[in-house]
Amino acid sequence: MQGAQYGCKLRGQAADTVTFVKTVGVDLAAEPAKTAVATVAWEHGTATVQELRLGATDPEIVAAIAAAERSGIDAPFGWPDAFVEFVGAHHRLEYSRERALSSRPGRLPLVRRSTDRVVHARTGIVPLSVSADLIAHVALRCAGLLAELDAGGVDVDRVDGAVVEAYPAAALQIWGLPFKGYKSAKNREVRAASVVALEEALPGLTLGGFRDLCVDSDDAFDAVVAGLVARAAARRRTARPDAAQHAVAVREGWIHLPVCGLGELL
């Protein structure tokens, strides 16, 4: 992979030295079958979905990210500090906080990252726990992708690198769009309404031949939204951590929440 050939942000390269042309959104799943990748081209006040595919493999994801300036992946980039420390100590037979784990408040630091708490405070949405929910399988795959990108020279800073952590449902909520009840095949009609709402809120967006896929698949729809979040991050219109949060987020990851309207992405 040659990030420099495509303009993907490399380690040590300032974000404002590259003209943003394409963003990529990835709705990551534990296996390729449920993984979607969207490529969005931004030009002359328009956003065009150039490619949208289901069943994306790791090499396909890496190639798409390499061809974009900024990408958003819907997956946790790390684990809670407290969880990592606890597992290490427990593995060494060093019992420290086990007695506190009989209560939910005692377990909370192990199952919620700093960024998860920020998202909850701002949106009311509780992100899935990377250490206590099925999304842990997705996070393990994501860790492999980040390692592959890093080996190719791509900036994978977990706070503000070429690849950022996206949370489509939270982004939709912030943008005033439907963010509940559109998941799964049985909710196709709800998802169709969500697609219409997105198109109306962002008139410059062209889904083209991929519109039906967004209606048929929540994975495809979320990949497009993750691509929009990547655009917000590229324009530095997402919430960044403060100094104290940053010290933790470099390990745990940081969910980029938009701080702009959809129209500002254009």
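Everything numeric in this text was worked out from a predicted model, so none of it was measured.
Taking each heavy atom of Glu60 and Thr57 in turn, the nearest pair found is OE1-N, 2.9 Å. Across all their heavy atoms, Val111 and Ala132 have their closest contact at CG1-CB, 3.7 Å.
Panel note: side chain Thr48, backbone Gln50; no donor-acceptor pair is recorded below 3.5 Å. In this structure, Arg191 contributes its side chain and Val215 its backbone to a donor-acceptor pair below 3.5 Å. Side-chain atoms of Thr39 never come within 3.5 Å of backbone atoms of Glu51 as a donor-acceptor pair (strictly under, hydrogens ignored). At least one donor-acceptor pair closer than 3.5 Å links the side chain of Arg158 to the backbone N or O of Arg251. Arg122 places no side-chain N or O within 3.5 Å of a backbone atom of His120 that could act as its donor or acceptor partner. When atom types are taken as modelled, the side chain of Glu252 and the backbone of Ser114 share a donor-acceptor pair closer than 3.5 angstrom. Side-chain atoms of Thr35 come within 3.5 Å of backbone N or O of Ala29 as a donor-acceptor pair. Panel note: side chain Gln245, backbone Asp242; a donor-acceptor pair is recorded below 3.5 Å. The closest donor-acceptor contact from the side chain of Asp155 to the backbone of Asp157 lies under 3.5 Å. Checked by atom type and distance alone, the side chain of His91 never pairs as donor or acceptor with a backbone atom of Phe86 at under 3.5 Å.
Evaluation of the salt bridge (Lys or Arg N to Asp or Glu O under 4.0 Å) test over residues 253-266, restricted to residues two or more places apart or in two chains, returns Arg237-Glu264.
Both Phe83 and Leu140 are part of a single hydrophobic cluster, where members link through side-chain heavy atoms under 4.5 Å apart. Hydrophobic cluster membership differs between Trp254 and Val154, with clusters built from Ile, Leu, Val, Met, Phe, Trp and Tyr side chains linked at under 4.5 angstrom. Cluster annotation: Val130 and Val250 are assigned to distinct hydrophobic clusters (Ile/Leu/Val/Met/Phe/Trp/Tyr, side-chain heavy-atom contacts under 4.5 Å, transitive). Both Leu54 and Val225 are assigned to one and the same hydrophobic cluster, defined by single-linkage of ILVMFWY side chains at heavy-atom distances under 4.5 Å.
Every residue was checked against the salt bridge (charged side-chain N to carboxylate O under 4.0 Å, His left out) condition with Arg104, not counting sequence neighbours, and none meets it. Qualifying side-chain hydrogen bond (donor to acceptor under 3.5 Å, both in side chains) partners for Arg117, counting only residues two or more places apart in sequence or in other chains: none. Listed by chain and residue number, His90 satisfy the side-chain hydrogen bond (donor to acceptor under 3.5 Å, both in side chains) test with Glu98 (two or more places apart in sequence, or in another chain). Applying the ring pair (Phe, Tyr, Trp, His ring centres under 6.0 Å) rule to His137 yields no partners; only residues at least two apart in sequence or on another chain are considered.
Proximity of Thr23 to Val229: side-chain heavy atoms (C-beta onward) are nowhere separated by under 4.5 Å. Side-chain atoms of Lys22 and Arg70, non-hydrogen and from C-beta on, never get closer than 4.5 Å to each other. Proximity of Leu266 to Trp42: side-chain heavy atoms (C-beta onward) are separated by under 4.5 Å at one or more points. Within the 4.5 Å cutoff, the side chain of Ile73 has heavy atoms near those of the Ile65 side chain. Using a 4.5 Å cut-off on side-chain heavy atoms (C-beta onward), Tyr182 and Val190 make contact. Contact of the Leu145 side chain with the Val62 side chain is registered, since non-hydrogen atoms from C-beta on lie closer than 4.5 Å.
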### Task
Verify salt bridge (Lys or Arg N to Asp or Glu O under 4.0 Å) between Asp58 and Arg141, making sure each step is shown before the conclusion.
CA-CA 9 Å; Asp58 285 13; Arg141 187 181 178 197; 2.8 Å; yes
### Task
Check the pair Thr238 / Val164 against side-chain contact (heavy atoms from CB on, under 4.5 Å), numbers first and verdict last.
CA-CA 10 Å; Thr238 57; Val164 300; over 6 Å; no
#### Entry: Full working for side-chain contact (heavy atoms from CB on, under 4.5 Å) between Leu228 and Leu265
CA-CA 8 Å; Leu228 304 185; Leu265 300 182; 4.0 Å; yes
#### Entry: Asp27 vs Lys34, side-chain contact (heavy atoms from CB on, under 4.5 Å): CA-CA, chis, key distance, verdict
CA-CA 8 Å; Asp27 185 60; Lys34 289 277 292 173; over 6 Å; no
### Query
After noting the C-alpha distance and the side-chain angles of Val37 and Val26, does the key distance pass the side-chain contact (heavy atoms from CB on, under 4.5 Å) rule?
CA-CA 5 Å; Val37 178; Val26 181; 4.3 Å; yes
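Between Asp216 atom CG and Arg211 atom CZ the span is 10.5 Å, to the nearest 0.5 Å. Rounded to the nearest 0.5 angstrom, Glu200 CD and Leu262 CG are separated by 12.0 Å. In this structure, CG in Leu149 is found 8.0 Å from OG in Ser71, a value given to the nearest 0.5 Å. Here the CG atom belonging to Leu213 is positioned 4.5 Å from the CG atom belonging to Leu52, to the nearest 0.5 angstrom. To the nearest 0.5 Å, atom OG of residue Ser129 and atom CD1 of residue Ile135 are 9.0 Å apart. From Phe77, atom CZ reaches atom CZ of Arg113 across 9.0 Å, with rounding to the nearest 0.5 Å.
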Please output the side-chain donor-acceptor pairs of residues 166-181 that fall under 3.5 Å, not counting sequence neighbours, one pair per line with the distance.
{"unit_1": "Gln173", "atom_1": "NE2", "unit_2": "Thr123", "atom_2": "O", "d": "2.7"}
{"unit_1": "Trp175", "atom_1": "NE1", "unit_2": "Cys260", "atom_2": "O", "d": "2.9"}

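For Glu189, the CD atom sits in a loose shell: 12 or fewer heavy atoms of surrounding residues, nucleotides or ligands are nearer than 6.0 Å.
Test Val87, Asp81, Val84, Leu101 against Leu110 for side chain to side chain contact (heavy atoms under 4.5 Å, CB included) and you get one pass: Leu101.
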